[in-house]
Asker: 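Take this structure, written in structure tokens, and hold onto it; I'll ask about it next.
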Number of protein chains: 2
Amino acid sequence: MHTSLVLEKEKNLKIVRQVLTAYLDEKGQRKTPERYAILEEIYATDHHFNVDDLHFKMRSKNFRVSRATIYNNLDLLIDAKLIRKHQFDKGMAHYEKSYFDRQHDHVILTKTGEVLEFCDPRIQHIKKTIEEVFDINIESHSLYFYGTRQRKMDVDKKIT
Amino acid sequence: MHTSLVLEKEKNLKIVRQVLTAYLDEKGQRKTPERYAILEEIYATDHHFNVDDLHFKMRSKNFRVSRATIYNNLDLLIDAKLIRKHQFDKGMAHYEKSYFDRQHDHVILTKTGEVLEFCDPRIQHIKKTIEEVFDINIESHSLYFYGTRQRKMDVDKKIT
DNA sequence: ATAACTGCAAATCATTTGCAGATCT
DNA sequence: AGATCTGCAAATGATTTGCAGTTAT
């Protein structure tokens, strides 16, 4: 990895640690090593993850945390706006770090489980219309597209 | 209720019964009374429902079905395109009849649990764009807006 | 000192499953 | 008759919870 990217990552880690500290101070909650370890593990990598992924990675680095503590602290990090939670289908929830990214939506490739991100302003336009039509306040939305890679076979089919 | 609406409902019931029969014939599956009773209960009312709602309603009409059978047959009805399933959050899944309605999306009012439906063509436009950008095939999507009714209080706040 | 936190194991809740007996075809 | 269904109860899997012991403040 390029040196500047490493430095960038460290700077970001420092920032999110401070965000967490500020949050815990404000809420009068304790600054436990587990909380920082979980946050750092999340911000050290770039992918979506689930509770088991995180638990396994921390354990393999010899940091002992229980799944219960991870669950508890993921809720805390959500409240601190440091991560977002997704329920792609039934089964385990997925999470992603959120502090440096802007709001986006997802495509789930159902064959591989891959997750793609996109940002389309038209969703905000739809949202605005819905708010007006129903006279409501929309606080959040969830939008997922489910699909598969366009394979050669499919292209052939089209020609036929 | 107006007589023509009652007649309309009966006509529709007849249609969906036939659709189910055709499906079961095609798949070589058995025409059990439970299957028709579940279908009819669903098409007799106009709201979203969950497994417990349905179970309770059928039992209170003295039709004994197990929850397991309901689960099994809801999957079957989904496959027959007679109903759709929604996972609004964690917790119980919701279902809705689908045969006479066209595809639509939902607004969930988080305070009351109310569900509103809407149809906005711009989602299809977004879908098309995403398919082109990522070179994928999108098979389905799920879009939910979460919000609350605009209450008088909120309006007052705005003025302040 | 003491309220908050962690880790474990047990509890929960929606859904699924195994299987014995019932029932469509 | 024979394969498919149903109903029950037990199993599952993700998440939550109760609680005793630990730790940050």
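Reminder, nothing fancy here: chain letters follow the sequence lines and each chain counts from 1. Worth knowing before you read on, the calculation uses all heavy atoms, side chains too, and leaves out hydrogens, waters and symmetry mates.
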Asker: To the nearest Å, give me how far apart CZ (R64(B)) and C1' (dC5(D)) are.
Answerer: 16 Å
Asker: Quick test of your reading: applying salt bridge (charged side-chain N to carboxylate O under 4.0 Å, His left out), list the pairs with at least one residue in residues 126-140 of chain A, sequence neighbours left out, ordered by first then second residue.
Answerer: none
Asker: Would you kindly give the CZ-to-C1' distance between F88(A) and dA14(D), to the nearest whole Å?
Answerer: 16 Å
Asker: Which pairs count as salt bridge (charged side-chain N to carboxylate O under 4.0 Å, His left out) when at least one residue sits in residues 57-71 of chain A, sequence neighbours excluded?
Answerer: E41(A)-K57(A), E41(A)-K61(A), D52(A)-R67(A)
Asker: Take the protein atom CD of E34(B) and the nucleotide atom C1' of dC5(D), then report the distance between them rounded to whole Å.
Answerer: 8 Å
Asker: Determine, stepwise, if the pair D79(B) / Y23(B) fulfils side-chain hydrogen bond (donor to acceptor under 3.5 Å, both in side chains).
Answerer: CA-CA 9 Å; D79(B) 194 55; Y23(B) 174 86; 2.4 Å; yes
Asker: Between H94(B) and P33(B), which is nearer to the 5' end of DNA chain C once each is assigned its nearest nucleotide?
Answerer: H94(B)
Asker: With a cutoff of under 4.5 Å between side-chain heavy atoms, which Ile, Leu, Val, Met, Phe, Trp and Tyr residues group with V115(B)?
Answerer: F88(B), I108(B), Y144(B), Y146(B)
Asker: Using a heavy-atom cut-off of 4.0 Å across all strands, would you classify K90(B) as base, sugar-phosphate, or nothing?
Answerer: nothing
Asker: Looking at every heavy atom in both V107(B) and I136(A), which two are closest together, and how far apart are they?
Answerer: CG1-CD1, 3.5 Å
Asker: Hey, can you tell me if H86(A) and H106(A) have their rings parallel, tilted or perpendicular (30° and 60° cut-offs)?
Answerer: perpendicular
Asker: I'd like the 5' and 3' limits of the part of DNA chain C contacted by chain B, with heavy-atom contacts below 4.0 Å.
Answerer: dA14(C) to dT25(C)
Asker: Taking only heavy atoms on the protein side, list every residue of residues 65-82 of chain A lying under 4.0 Å from any atom of DNA chain D, sorted numerically.
Answerer: A68(A), Y71(A)
Asker: Report the residues that fulfil salt bridge (charged side-chain N to carboxylate O under 4.0 Å, His left out) with E114(A), sequence neighbours left out, ordered by chain and then residue number.
Answerer: R149(A)
Asker: Could you tell me the separation between the CZ atom of R30(A) and the C1' atom of dT23(D), rounded to a whole number of Å?
Answerer: 5 Å
Asker: Ignoring hydrogens, what is the shortest heavy-atom contact between S98(B) and K81(B)? Give both atom names and the distance.
Answerer: OG-O, 3.0 Å
